[in-house]
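One-based numbering, in listed order, for ligands and for the atoms of each. Computed from a predicted model, the values in this text were never measured in an experiment. Just so you know, these numbers use all the heavy atoms, side chains as well, and skip hydrogens, waters and symmetry mates.
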Amino acid sequence: MNIPNSEQLFSRAQHSIPGGVNSPVRAFKSVGGTPLFIKKAKGAYLFDVDGNKYIDYINSWGPMILGHAFEPVVEAIQKKAADSTSFGAPTELEIEMAELIKSMVPNVDLVRMVSSGTEACMSAIRLARGYTGRNKIIKFEGCYHGHADSFLVKAGSGVATFNIQTVPGVTAGVAADTLTAPYNDIDAVQQLINQHKNQIAAIIIEPVAGNMGCILPQQNFLEDLRKICTEEDIVLIFDEVMTGFRLAQGGAQERLKIDADLVTYGKVIGAGMPVGAFGGKFEIMQHIAPLGNVYQAGTLSGNPIAMIAGFTLLNHLKNNPGIYTELDEKGAYLRKELFTVLDKANIPVTINQIGSMISVFFTHRAVNNFADASSSNITTFNKFFHAMLEQGIYLPPSGYESWFLSNALSYDDLNETINATAKAASSLL
Ligand code: HOZ
């Protein structure tokens, strides 16, 4: 692969940006090599600064569910920008956005817009603590809820990719309030609750995990969590930053038929602009300032450009529900065909997929938690990643990340990906 311009930019970036990137998972640090510097993207394709074209399976880590530069979104942003890019005062568009979210996610009574998934999860936890008067939270090993201090304990995403055991800067006091259990292990959750009776404010979970690769909840796991939270007056928070508006218009809550008490969003909700949100039952949300005293704020919260982008995309998804069926079919096709070619080549492989989220783990083990995900052969993953990149397929540069499909992907693109996998397979043994 010829990437002299990316190499030159990456080298230049080292002098002014930590590690040359503005978010660690972009750095290719665990797979090796030089991250691609991107010039533009359209539909299913990325174009780097050296003129190479790639089929994109990152899709900005989730937001671009309909592909890049989706015309209605681009036009809406351009038009809105002419009226100024920020006011720091309320707009009618914010109400329209909140009403649209409520119409797509029926158990959300009130919703507060923020500027990232991290902010959404951080604020939801503060709210749960303020509401319950309790301090501790339970999260799951390998789940990632953004980079707020409370969540950087046994976290997924870049923390897992770079094998960071303890994040310097997170105080022992904060870490002590975060209890962890293995994903899909309800007995471990029950044990933690028994050990910390009436001290748990919230259980936060990715209802489908995407930050240790894609891992699905096993049968009854979320149902049991729901039941325990209700019995113990614990706030159940679904982190739907990845799954929200992706797995269904009502996200994982709708698809898996479980209602959380609070839900957090990011990614698709902003159509590629910096947007997050958290919402839920009135009884809990009424404690957020200025209605209540749990303080939460933001200069750019509800920013008009971000709102028009998200509103336009969500509205399109709401009015075209067939998109979810198409994405489901593409995801299932990709899983089936990838498994066939890798298995035929005698590569130990497990592929997890739901809708447009999919991950390939190089292990024979069923992958239901972080330990299972960690049994995936990293050396094989790294070879696979580079063999695919060479053939123009852009995958997340880590085995601890889900791939995200966009509906701009055609079956020709999927077949090209499957053929590339078949070619890559011979180099994996
Ligand atoms: N939250 C994204 C998936 N783990 C990654 C975004 C980032 O950290 O840059």
To the closest 0.5 Å, what do you measure between OG (Ser123) and CZ (Arg112)?
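Rounded to the nearest 0.5 Å, the OG-CZ separation comes to 8.5 Å.
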Provide, line by line, the atom pairs where ligand 1 and the protein bring an N/O atom each to a distance under 3.5 Å; else say none.
residue	atom	partner	partner atom	Å
ligand 1	1 (N)	Lys267	NZ	3.3
ligand 1	4 (N)	Ser157	OG	2.8
ligand 1	4 (N)	Asn211	OD1	2.5
ligand 1	4 (N)	Glu401	OE1	2.7
ligand 1	4 (N)	Glu401	OE2	3.2
ligand 1	8 (O)	Ser23	OG	3.3
ligand 1	9 (O)	Ser23	OG	2.5

Where the side chain of Ser359 meets the backbone of Gly213, is there a donor-acceptor pair that is under 3.5 Å apart?
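Not a single qualifying donor-acceptor pair exists.
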Quick check: does any side chain N or O of Asn211 sit under 3.5 Å from a backbone N or O of Ala155, one acting as donor and the other as acceptor?
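Absent.
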Taking NZ, NE, NH1 and NH2 as the nitrogens, is one of them in Arg255 or Asp328 under 4.0 Å from a carboxylate oxygen of the other?
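Yes, charged N to carboxylate O under 4.0 Å.
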So that I know where these two stand, are Tyr411 and Tyr333 an aromatic pair - ring centroids less than 6.0 Å apart?
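Aromatic pair counts; centres sit under 6.0 Å.
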Give the C-alpha distance, both sets of side-chain angles, the deciding distance and a yes or no for side-chain contact (heavy atoms from CB on, under 4.5 Å) between Ile193 and Ile203.
CA-CA 10 Å; Ile193 292 173; Ile203 296 180; 4.3 Å; yes
